[in-house]
Trainee: 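Questions regarding the structure given below will be posed in turn.
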Amino acid sequence: MIGTRKRLTFSGIAVLADPMGNTVLLHLLCGVLAVLSVSLVNADDPYRYYTWTVTYGTVKLLDVPQQVILINGQFPGPRLDVVTNDNIILNLINKLDQPFLLTWNGIKQRKNSWQDGVLGTNCPIPPNSNYTYKFQTKDQIGSFTYFPSTQLHRAAGGYGAINVYERPKIPIPFPVPDGDFTLLTGDWFKTSHKTLQAFLDSGRTLPFPDGVLINGQTYSTFSGDQGKTYMFRISNVGLSTSLNFRIQGHKMKLVEVEGSHTVQNIYDSLDVHVGQSVAVLVTLNQAPKDYYIVASTRFNTKNLMATAVLHYSNSHTPVSGPLPAAPSYGFHESMVQARTYKWNLTASAARPNPQGSYHYGKITPTKTIVLANSAPLINGKQRYAVNRVSYINPDTPLKLADYFGIPGVFSVDSIQSSPSGGAAFLSTSVMSANLHDFLEVVFQNDENTMQSWHLDGYDFWVIGYGDDKWTPAKRSTYNLEDALTRHTVQVYPKSWSAIYVSLDNQGMWNMRSAIWERQYLGQQFYLRVWTQVHSFANEYDIPSNALRCGKAIGIHS
Ligand SMILES: *[C@@H]1O[C@H](CO)[C@@H](O)[C@H](O)[C@H]1NC(C)=O
Ligand SMILES: *[C@@H]1O[C@H](CO)[C@@H](O)[C@H](O)[C@H]1NC(C)=O
């Protein structure tokens with residue numbers, strides 16, 4: 001449908017059999033253009049129109065039929081195949097019995113946190129109602145995802161892939177693959193999202209997942225021709241578990257991580273943590289037969305997996321032999337692998353200037369922030385916190401409160417920029433930062449569990465991983481030359497990870513645990529990137545169709 005590249009496609013379960021789920025509504029073009037705010041649009045860039053309807057449906061995923069969230073009848077949801085700088089006009093119709101939002105994981109929403117689709121920026125779409133998202137995939141190329149951000153909807157599906165292709169003018173640093181497979185893989189629970197949410201609300205934690213799915217299935221087939229090279233875009237869309245990905249008898253060449261073109265190292269297996277995406281090239285250079293693809297839970301004694309098949313089109317031999325073995329190594333070796341992910345300094349980015357021309361390592365940070373996660377009991381219930389604050393969602397989105405000057409919604413003083421002693425407490429915490437600040441952020445994990453941290457609105461340089469406690473002396477271990485940028489970074493147990501982030505995107509941005517029960521129970525806050533200068537060059541105006549809720553009901557711009 002888009003571009004000229006020949007693409008092999010793989011579709012998930014089309015439960016209500018609507019193969020054209022992401023219908024392109026070209027006839028709406030004139031009408032919608034008229035209502036768009038001029039500040040958003042770049043008339044040179046193409047528009048793509050979608051209407052997505054969210055419903056419940058019943059599918060059998062792990063032995064038992066269960067209720068899932070479908071988009072246009074599909075699970076996973078329709079894939080968004082777009083091009084750098086496309087304008088996306090997506091009308092989302094909520095037919096669930098609960099308010100709903102989608103967030104666009106890794107899409108930077110430049111100047112446009114209005115469209116981020118989290119409760120701090122958007123009112124949830126009420127049942128039997130709709131909201132039209134308007135955003136641009138500005139200056140991005142790569143593999144991203146979307147998923148529901150409200151309640152515990154993500155445990156019921158509703159997720160999908162966003163593949164952003166390069167514009168014809170911009171070369172990618174590898175030959176155009178002969179085909180392109182998208183693999184949304186993640187842990188899965190048989191228990192319904194409402195029951196899981198009730199567990200969390202009552203102070204319990206989530207159980208261990210029941211299985212792993214690849215594109216909504218435990219067994220699927222990807223076909224290609226012997227001698228050709230295919231891209232596999234692998235995202236961890238699960239709730240809680242790191243995964244390891246591997247293909248029997250084949251090497252994987254890493255080419256892209258969440259929009260960064262990497263040094264093209266070869267791997268036998270890759271760890272993909274919750275919320276992360278990677279793209280690898282695989283050449284079908286083996287004897288013509290079928291080979292196992294495995295995604296399995298990592299760092300757990302209980303080993304869950306999904307298998308799929310890599311089928312050579314000239315193969316008459318089904319899969320055989322042992323499954324490719326999981327790495328026997330642990331956290332330390334996973335951290336060593338993570339350090340081998342590097343930016344290809346000579347490769348072009350989505351923008352026509354070379355990535356390496358930006359010397360992030362030579363910039364002195366304006367501020368250092370240390371964020372420590374914890375798992376406190378508050379009022380007798382399990383919560384999760386960062387720097388003692390366990391976040392609670394207000395009825396009014398922070399972004400609307402900020403814009404309309406509604407008092408009493410959030411507090412910019414409750415969260416400190418480094419850990420301190422004392423009991424954890426509940427608050428709607430916002431950290432303020434100045435537009436164009438350059439931050440060093442250290443994620444300090446004193447807990448014994450894997451962490452995965454995500455920041456909306458940005459990608460950031462992952463400059464270091466280390467054991468134990470971070471101290472300023474650890475800066476000598478930073479990669480200040482060719483660290484890659486990404487939107488989600490893992491933090492190993494009793495370890496730290498450090499990032500640099502250039503705050504060039506004004507807005508209200510969610511910093512959260514990608515591990516969903518932690519996010520749900522408070523391990524998140526918002527970063528308010530702000531300047532006194534009021535200019536649409538820095539941030540777009542409120543969308544004309546912005547929904548109202550909480551204290552913003554009845555307020556007009
Ligand atoms: C709901 O959809 C209609 C088109 O069917 C559109 O005109 C309207 O703007 C949408 N509502 C919102 C809040 O975006
Ligand atoms: C970096 O990208 C260039 C293309 O711009 C490519 O030729 C080169 O092989 C890549 N380098 C590595 C180490 O992957």
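Quick caveat: nothing in here was measured; it's all calculated off a predicted structure. Just follow the structure's listing: the first ligand is 1, and inside any ligand the first atom is 1.
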Trainee: Of the backbone atoms (N, CA, C, O) and the side-chain heavy atoms from C-beta on, which set of Asn91 has a member under 4.0 Å from an atom of ligand 1: side chain, backbone, both, or neither?
Mentor: side chain
Trainee: Would you please classify the geometry between the Trp104 ring and the Tyr146 ring as parallel, tilted or perpendicular, with 30° and 60° separating the classes?
Mentor: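 Rings of Tyr146 and Trp104: tilted, 30 to 60°.
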Trainee: Going by the disulfide bond (SG atoms under 2.5 Å apart) test, which pairs reach into residues 85-167, not counting sequence neighbours?
Mentor: Cys123-Cys549
Trainee: Would you mind listing which atoms of ligand 1 come within a distance below 4.0 Å of any non-hydrogen atom of Leu547?
Mentor: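 What qualifies from ligand 1 is 13 (C).
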Trainee: What atoms of ligand 1 come closer than 4.0 angstrom to any heavy atom of Thr132?
Mentor: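 What qualifies from ligand 1 is 10 (C), 12 (C), 14 (O).
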Trainee: For the residue pair Ser242 and His273, confirm or rule out a side-chain donor-acceptor distance under 3.5 Å.
Mentor: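 Note: Ser242 and His273 side chains meet the donor-acceptor criterion.
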Trainee: Would you list the pairs meeting salt bridge (Lys or Arg N to Asp or Glu O under 4.0 Å) in which at least one residue belongs to residues 265-278, sequence neighbours left out?
Mentor: Lys251-Asp268, Asp271-Arg298
Trainee: Hey, what polar pairs (N/O, under 3.5 Å) does ligand 2 make with protein?
Mentor:
residue, atom, partner, partner atom, Å
ligand 2, 2 (O), Asn344, OD1, 3.4
ligand 2, 2 (O), Asn344, ND2, 2.3
ligand 2, 11 (N), Asn344, ND2, 2.9
ligand 2, 14 (O), Gln264, N, 2.9

Trainee: Could you tell me whether Tyr391 and Phe525 have their ring centroids closer than 6.0 angstrom?
Mentor: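 Centroid distance Tyr391-Phe525: not below 6.0 Å, so no.
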Trainee: Can you list the residues that meet the side chain to side chain donor-acceptor pair (under 3.5 Å) rule with Lys95, with sequence neighbours excluded?
Mentor: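 None.
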Trainee: Asn130 heavy atoms, cut-off 4.0 Å: which ligand 1 atoms fall inside?
Mentor: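 Atoms satisfying the 4.0 Å criterion: 1 (C), 2 (O), 3 (C), 8 (C), 10 (C), 11 (N), 12 (C), 13 (C).
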Trainee: Is the Phe75-Tyr159 ring centre distance short of 6.0 angstrom?
Mentor: yes
Trainee: Establish, for the pair Arg233 and Tyr165, whether the NZ or CZ atom is under 6.0 angstrom from the six-membered ring centre and no further than 45 degrees off its axis.
Mentor: yes
Trainee: Is Tyr131 in polar range of ligand 1, meaning some N or O pair under 3.5 Å apart?
Mentor: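 No - when backbone and side-chain N and O of Tyr131 are compared with those of ligand 1, no distance drops under 3.5 Å.
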